[in-house]
Amino acid sequence: MRMKGKNVIVTGGASGIGLASVERCLEEGASAVIADLEGGEGAARAAELDGRHAGRCLFKACDVTDTAQVDRLFAETVAELGSVDAVFNNAGIGGVTPSDEVSDDEYLRIIDINLNGVFRVARAALRVMYRQGSGSIVNCASILGMMGQSQTAAYTAAKGGVVNLTRTLGIEAAPKGVRVNAIGPGYIDTPLLQALDDELLQGLISLHPMARLGRPEEVANGFLFLASDEASFVTGTTLMVDGGFTAGKS
Ligand SMILES: NC(=O)c1ccc[n+]([C@@H]2O[C@H](COP(=O)([O-])OP(=O)(O)OC[C@H]3O[C@@H](n4cnc5c(N)ncnc54)[C@H](O)[C@@H]3O)[C@@H](O)[C@H]2O)c1
């Protein structure tokens with residue numbers, strides 16, 4: 001029970017890596033808030049999971065591009081659960097478009113969710129965690145935060161930004177008892193990959209030394225480590241969970 005009695009918010013918690021992380025937190029004794037878009041799968045997933053474990057599982061509608069919704073998420077969670085001990089800043093979208101063809105709308109939307117959203121959520125978390133004198137924030141980066149990839153300008157810019165934002169927040173928050181880290185998944189078998197055609201996907205799989213996609217729960221386990229007290233001397237860093245993808249490239 002590595003998270004016994006802790007309260008965790010997972011943005012993008014309705015699907016894929018986020019949902020697996022919610023499930024692992026509940027299994028490890030935490031209460032978990034699925035923070036995801038209104039009208040998606042979040043409410044149904046929380047209703048299924050609530051009551052199965054010792055901790056609560058709640059759904060809160062939150063679009064990470066909206067500061068007021070993010071701030072309300074934290075205020076309501078503190079009011080209902082009493083604290084926010086860990087946050088998985090996981091909401092994100094993909095996008096593959098040649099850079100000379102990408103529209104302002106597509107470019108700015110990816111940056112607003114995958115980078116600015118991470119900052120909005122981290123800022124709200126810091127305000128609560130500074131008052132508590134403790135907490136752990138885990139931002140979702142990617143292998144594409146460590147290296148470039150053709151036709152993913154907005155995504156790679158955002159994820160590279162998340163890696164360096166994490167360093168800065170890690171330094172800044174350390175004296176106040178709050179840790180900030182990132183996790184860098186390789187290609188993980190989630191709905192995010194559904195947009196990729198099979199040939200491209202097979203090519204990407206072959207780039208992983210482990211020659212397979214990762215599973216959402218393998219990223220969730222990395223999140224759990226960073227969120228838990230087991231990582232008490234870890235801050236400002238990015239833990240790669242990528243089947244060796246970046247090992248030979250950095
Ligand atoms: N799947 C991969 O191969 C992979 C690899 C590296 C990094 N990642 C990162 O992992 C994270 C999770 O991805 P996933 O593969 O589980 O994707 P997913 O599509 O299964 O889940 C993403 C979730 O984010 C939510 N979301 C999207 N926009 C949002 C917004 N504005 N506000 C709140 N929630 C929003 C979606 O509703 C969805 O539930 C993302 O940050 C992604 O960039 C994924």
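Numbering of ligands and ligand atoms starts at 1, following listing order. Scope of the values below: all heavy atoms of this structure, side chains included, with no hydrogens, waters or symmetry mates.
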I'd like to know if the side chain of [X] reaches the main chain of [Y], judged simply by a donor and an acceptor atom lying under 3.5 Å from each other, with no hydrogens or angles considered.
{"X": "N181", "Y": "L226", "result": "no"}
{"X": "R2", "Y": "E230", "result": "no"}
{"X": "Q69", "Y": "D63", "result": "yes"}

Linked, directly or transitively: [X] and [Y] (ILVMFWY side chains, under 4.5 Å):
{"X": "V180", "Y": "V118", "result": "yes"}
{"X": "V121", "Y": "I110", "result": "yes"}
{"X": "L239", "Y": "V162", "result": "no"}
{"X": "F59", "Y": "V22", "result": "yes"}
{"X": "F223", "Y": "V163", "result": "no"}

[X] neighbourhood, listing ligand 1 atoms whose heavy-atom distance to it stays under 4.0 Å:
{"X": "A141", "answer": "7 (C)"}
{"X": "G16", "answer": "16 (O), 20 (O)"}
{"X": "A91", "answer": "24 (O), 33 (C), 34 (N), 35 (C), 41 (O)"}
{"X": "P191", "answer": "20 (O)"}

Contact (N/O only, under 3.5 Å) between [X] and ligand 1:
{"X": "N90", "result": "yes"}
{"X": "S142", "result": "no"}
{"X": "S15", "result": "yes"}
{"X": "Y155", "result": "yes"}
{"X": "N114", "result": "no"}

What do we get for [X] next to ligand 1 when only non-hydrogen atoms under 4.0 Å count, side chain, backbone, both or neither?
{"X": "L193", "value": "side chain"}
{"X": "K159", "value": "side chain"}
{"X": "I188", "value": "both"}
{"X": "D63", "value": "both"}

Determine whether E106 and R109 satisfy the following criterion, salt bridge (Lys or Arg N to Asp or Glu O under 4.0 Å), listing intermediate values before the conclusion.
CA-CA 5 Å; E106 181 184 348; R109 175 122 189 97; over 6 Å; no

Taking the side chain as every heavy atom from C-beta outward, state whether I143 and M146 have any pair of such atoms under 4.5 Å apart.
no

Answer whether the closest heavy-atom distance between the side chains of L224 and S21 falls below 4.5 Å.
no

Option set [options], criterion heavy-atom distance to [atom], minimum:
{"atom": "atom 22 (C) of ligand 1", "options": "G92, G13, G18", "result": "G92"}
{"atom": "atom 32 (N) of ligand 1", "options": "D66, I34, V64, I17", "result": "V64"}
{"atom": "atom 5 (C) of ligand 1", "options": "G214, G94, G184, G186", "result": "G186"}

Protein residue, atom and distance nearest to [atom], heavy-atom basis:
{"atom": "atom 17 (O) of ligand 1", "answer": "L192 CB, 3.5 Å"}
{"atom": "atom 27 (C) of ligand 1", "answer": "I93 CG2, 3.9 Å"}
{"atom": "atom 24 (O) of ligand 1", "answer": "G12 CA, 3.4 Å"}
{"atom": "atom 9 (C) of ligand 1", "answer": "C140 SG, 3.5 Å"}
{"atom": "atom 15 (O) of ligand 1", "answer": "T190 OG1, 2.4 Å"}
{"atom": "atom 37 (O) of ligand 1", "answer": "D36 OD1, 2.6 Å"}

Determine whether the side chains of D105 and S103 contain a donor N or O and an acceptor N or O closer than 3.5 Å.
no

Using 0.5 Å steps for rounding, measure from the CG atom of N139 to the CG atom of N90.
10.5 Å

Evaluate salt bridge (Lys or Arg N to Asp or Glu O under 4.0 Å) for D229 paired with K6, printing each intermediate quantity in order.
CA-CA 11 Å; D229 296 338; K6 297 200 189 254; 3.2 Å; yes

Could a heavy atom of [X] be found less than 4.0 Å from some atom of ligand 1?
{"X": "G117", "result": "no"}
{"X": "C62", "result": "yes"}
{"X": "L37", "result": "yes"}

Residues R215 and D189 bridged, charged N to O under 4.0 Å
no

